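Take a look at the structure set out below.
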Amino acid sequence: MEMMRRRPLVVANWKMNKLPSESAAYIDKIEKPADQFPDVIPVLAGQDVLLPGMIHAARGTNISIGAENMYWKDQGSFTGETSPAALADLGIRYVILGHSERRNYFHETDEMVNRKAQAALQHNLIPIIALDEAIIPRNENDRSHWVVNQVIETFEGISAQTAKTVILAYEPTASIGSGQAMTPELAQFALRRIRLTLADMYNWDVAKAVRIMYGGSVKPDNAYELMIQDDIDGVLVGNAALDPDQFIALCQIANQALLTKISRLDEF
């Protein structure tokens, strides 16, 4: 029954794409189709300059708007940064933190991501924390060790009750932008290890409450096999989500995968 309580997410990470006029048109196109899948949470994350228009366009719909990054201070002399207080005041619901591009291009560390996560939570923003693999593991044990360390450092100082609201997104670096997603079996292995790590850190009640997504070359033709895995609670999508038709297709697939999981539980 625990999977039924974890509503799947389809999160579009637009990165540095879309103009204000394009974002409004996109939301207008997906609004009614997205309503057909009330058990799926559709999230659009865009550049800061797009967010006010996206909030306005999505008002009255079931589409949530997210930011792609934020700083950990509420205010101050931090030119070019965006504060969690400003995002919350605007009506932002989600914020992506620690994406591999932030880690690789802007040298963000696990400690920085943790500070951002704590700041987001203080303002009732839901952090979507990306876990990557910045090294090439020699074997599965290396991969597990790397991910476990990221999880531990990410949740430093976050209470058990608050941890339940955090969303994680596992994105193997080799898959991002490559066009080749990790196999469903390997993705499930990695996400299960993350959930077991949360159980070790807190308890199983927390571990089964945290939603964990997969990201990395997700598209409609591979999303179903990924999302029917027991521990995959949605997808973080880049290039494919730039197309509104593909985004709606992913929401439909997420709904189908949820129904598959529910029917699987009913068999026992």
Side-chain angles (χ1 to χ4, degrees), residues 6-71 81-99 101-102 116-117 119-130 165-169 211 213 215 218-220 223 227 233-258:
R6 298 200 302 264
R7 288 176 63 196
L9 301 103
V10 177
V11 181
N13 178 17
W14 284 351
K15 307 185 181 184
M16 203 173 71
N17 295 293
K18 301 291 183 188
L19 301 176
S21 57
E22 293 173 328
S23 64
Y26 185 111
I27 291 170
D28 183 63
K29 186 168 185 178
I30 71 169
E31 174 186 346
K32 289 183 180 178
D35 284 340
Q36 299 175 29
F37 314 112
D39 292 324
V40 176
I41 302 173
V43 181
L44 304 178
Q47 305 173 68
D48 286 353
V49 70
L50 304 181
L51 297 180
M54 292 172 70
I55 287 286
H56 178 76
R59 189 167 290 126
T61 75
N62 73 333
I63 301 165
S64 294
I65 304 301
E68 296 179 4
N69 184 40
M70 50 157 260
Y71 197 53
E81 293 290 345
T82 300
S83 79
L87 293 178
D89 187 68
L90 185 61
I92 295 299
R93 182 66 171 151
Y94 297 89
V95 57
I96 299 173
L97 303 174
H99 190 276
E101 291 161 1
R102 297 296 313 176
K116 291 182 178 187
L121 291 164
Q122 288 171 5
H123 287 276
N124 295 316
L125 297 167
I126 299 176
I128 299 174
I129 302 175
T165 66
V166 174
I167 297 170
L168 298 176
R211 283 169 292 177
M213 300 188 295
V218 175
K219 45 197 171 185
M227 283 194 275
D233 304 315
V235 286
L236 178 60
V237 192
N239 289 336
L242 295 176
D243 180 340
D245 291 329
Q246 290 199 57
F247 183 80
I248 288 301
L250 289 165
C251 290
Q252 181 179 16
I253 291 166
N255 187 69
Q256 292 172 342
L258 179 63

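A quick note: this is a predicted structure, and the numbers were derived from the prediction, not measured. Side-chain atoms are counted along with the backbone in the values below, which use heavy atoms only and exclude waters and symmetry mates.
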Query raised in the report: Where is the tightest heavy-atom contact between V43 and G66, given as atom of each residue plus distance?
Result: CG1-N, 4.2 Å
Report summary line: Checking V218, I128, L168, V237 against M213 for side-chain contact (heavy atoms from CB on, under 4.5 Å), the one that qualifies is I128
Report task. Write down the atom of L50, the atom of P20, and the distance for their closest heavy-atom approach. Result -> CD2-N, 3.4 Å
Report summary line: So CG of L87 and OH of Y71: to nearest 0.5 Å the spacing works out to 14.5 Å
**Report entry** Smallest separation among heavy atoms of P38 and R7, with atom names
**Finding:** O-NH2, 2.8 Å
Query - Nearest-0.5 Å distance that lies between atom CD1 in I30 and atom CG in N62 - result: 8.5 Å
Query raised in the report: Is there a donor in the side chain of N69 and an acceptor in the side chain of K116, or the other way round, less than 3.5 Å apart?
Result: yes
Query - Atom pair CD1 (I92) and CG (N124), whose distance is rounded to the nearest 0.5 Å - result: 14.0 Å
Query raised in the report: Do the charged groups of E68 and K15 touch, with an N to O distance under 4.0 Å?
Result: no
Query raised in the report: For the residue pair L242 and Y26, what are the closest heavy atoms and their distance?
Result: O-CE1, 3.5 Å
Query raised in the report: What distance do M54 atom CE and S64 atom OG have between them, rounded to the nearest 0.5 Å?
Result: 10.5 Å
Requested in this report: Sort out for me which residue in I63, L44, V11 forms a side-chain contact (heavy atoms from CB on, under 4.5 Å) with F247.
Outcome: L44
Requested in this report: Indicate the atoms forming the closest heavy-atom contact of P33 with I248, along with that distance.
Outcome: CB-CD1, 3.6 Å
Query raised in the report: What pair of heavy atoms forms the shortest contact from P244 to K29, and how long is it?
Result: CG-CD, 3.8 Å
